[in-house]
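See below for the structure under consideration.
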Amino acid sequence: MPELPEVETVARQLAPLLAGRRVRALQILDQRLAGQSWPDLSGYYIATVERCGKRVAIALTRRRNTPPQRWLCVHLRMTGRLIWVAQTRGATADERHLRARLDLHGGSLLFYDARRFGTLELCDAHPLGAEKGQDPLSPALTALALGELLAGSRQELKPWLMRQDRLAGIGNIYASEILFLAGINPQRPAGALDTAEVAALLCATRTVLRKAIKHCGTTFSDFQDSSGEMGGFQRFLKVYGRAGQPCRRCRGKIERIMQGQRSTFYCPACQPLPLKPRRGRR
DNA sequence: ACCCTCCTGTCA
DNA sequence: TGACAGGAGGGT
């Protein structure tokens, strides 16, 4: 379930629950995660919980009110979930996909992951420094800066938007939604947008992501104590998952195509290809 | 620019 | 049974 808005939601909700608590132990239950050597984290305090691209970064400090020295970084990939359970009630309901657990004083953070694509890593520096792509919500990303990132790329725009080394955080759902709002065809070459289109793309990106964050993302189960709850953005989806259904704007038919082995949803009428190939060089 | 792969689950 | 799933890294 993880794209930027979902991860942001997880981080925001976990932060007040975890901050200030002290680590009892980190238990790695899945061999796939045990690859790296895991030092003993007991005694560390949790300083903050932040989102970094699509990662949740849990900042750890040896002593309260001192800068963090280590960061436990979780990437949820397709099916990862972080679930907070207060106290250590007896047996947890579903142990089936439990891959790791961070036991704290007062509760446990459980990492579930059915497909086991998710990752856990311990960093010795703030993970923001290792993040190659820019945060789409950062004020540093101006239309000019976005234009420079796009310039020269012949990659199709929708797969380009999902490149984490350019913009960090956009995934398959929001890439389609953003392009619909911007009125830009997903198959346009990324480097061929004119300045007005770049501005529209940036505006749509911010609008969609902010609104999704406001509604706690699209579909996912709550991590308070595993009461399954849908992210509120589900009902605002304009194109994703709506192939064959009428466009909410023009009543035309939403199409589904494959780009780089991933589904793309769009409205051919609202997101037309330009008649003439654009001036865009290169 | 394409392909496959990592894994498991769900749905037509 | 096969297609597909919110991700990403590898290879050619």
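Only this structure's heavy atoms are used, side chains among them; waters, hydrogens and symmetry mates stay out.
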- Whole-Å distance separating the CD atom of A:Gln261 from the C1' atom of C:dG6: 17 Å
- Considering only the P atoms, how many Å lie between C:dG2 and B:dC4, rounded to the nearest integer? 16 Å
- Message: Strictly by Watson-Crick or wobble contacts shorter than 3.5 Å, is anything paired with B:dT10, and which nucleotide is it?
- Response: C:dA3
- Message: So A:Arg256, base contact, sugar-phosphate only, or nothing? Heavy-atom distance under 4.0 Å.
- Response: sugar-phosphate
- Message: When you measure from the centre of the six-membered ring of A:Tyr45, is the NZ or CZ of A:Arg63 closer than 6.0 Å and no more than 45° off the axis?
- Response: no
- Of all the nucleotides listed (C:dA5, B:dA1, C:dA8), which has the minimum atom distance to the side chain of A:Met78? C:dA5
- Ignoring backbone atoms, establish whether A:Lys54 has a side-chain N or O less than 4.0 Å from OP1 or OP2 of C:dG6. no
- Item | Interatomic distance where CD1 belongs to A:Ile173 and P belongs to C:dA5 [whole Å] | 11 Å
- Is it true that A:Glu6 and A:Lys54 make a salt bridge, defined as a side-chain N closer than 4.0 Å to a carboxylate O? no
- Task: Could you check how far CZ of A:Arg188 sits from P of B:dA1, rounded to whole Å?
- Result: 16 Å
- Message: With a cut-off of less than 4.0 Å, is there a side-chain N or O of A:Arg77 near OP1 or OP2 of C:dG9?
- Response: no
- Message: Centroid distance below 5.5 Å plus an interplanar angle below 30 degrees: do A:Phe117 and C:dG7 meet both conditions?
- Response: yes
- Would you indicate what A:Tyr174 reaches in the nucleic acid, counting non-hydrogen atoms under 4.0 angstrom: base, sugar-phosphate, or nothing? nothing
- Message: Expressed as a whole number of angstroms, how long is the span from A:Ile178:CD1 to C:dG6:P?
- Response: 15 Å
- Item | Short side-chain N/O contact to B:dC7 OP1/OP2 from A:Thr79, under 4.0 Å | no
- Rounded distance (Å) that lies between atom P of C:dG7 and atom CZ of A:Arg81: 14 Å
- Query: Between A:Tyr174 and A:Phe233, how do the two ring planes meet: parallel, tilted or perpendicular, split at 30° and 60°?
  - Reply: tilted
- Note on the structure: Heavy-atom nearest pair, A:Ser108 first then A:Asp103, reads OG-OD1, 2.6 Å
- Message: It should be established whether A:His75 places a side-chain nitrogen or oxygen under 4.0 Å from OP1 or OP2 of nucleotide C:dA8.
- Response: yes
- Task: State, with a plain yes or no, whether a side-chain heavy atom of A:Pro186 is found less than 4.5 Å away from one of A:Gln259.
- Result: yes
- Message: I need the CZ-C1' distance between A:Arg163 and C:dA8, as an integer number of Å.
- Response: 13 Å
- Do A:Arg77 and A:Asp113 meet the salt-bridge criterion of a basic N to acidic O distance under 4.0 Å? no
- Task: Spell out yes or no: do the side chain of A:Arg262 and the base of C:dA5 have one donor N/O and one acceptor N/O closer than 3.5 Å?
- Result: no
- Sticking with atom C1', work out how far B:dC2 lies from C:dG6, rounded to a whole angstrom. 23 Å
- Length of the CD-C1' vector between A:Gln259 and C:dA5, whole Å: 17 Å
- Query: From B:dG9, C:dG6, C:dG7, pick the nucleotide closest to the side chain of A:Tyr240?
  - Reply: C:dG6
- Task: Tell me what A:Arg55 touches on the nucleic acid: a base, only sugar-phosphate, or nothing, going by heavy atoms under 4.0 Å.
- Result: nothing
- Item | Below 4.0 Å: OP1/OP2 of B:dC7 and any side-chain N or O of A:His97 | no
- Provide, to the nearest angstrom, the distance between the CD atom belonging to A:Glu156 and the C1' atom belonging to B:dC3. 15 Å
- Walking DNA chain C from its 5' end, the first of A:Arg115 and A:Gln164 to be reached, judged by nearest nucleotide, is A:Arg115
- Task: State whether the distance check finds a donor on one side and an acceptor on the other, under 3.5 Å, for side chain A:Arg116 versus base B:dC7.
- Result: no
- Rounded to whole angstrom, note down the P distance from B:dC3 over to C:dA3. 15 Å
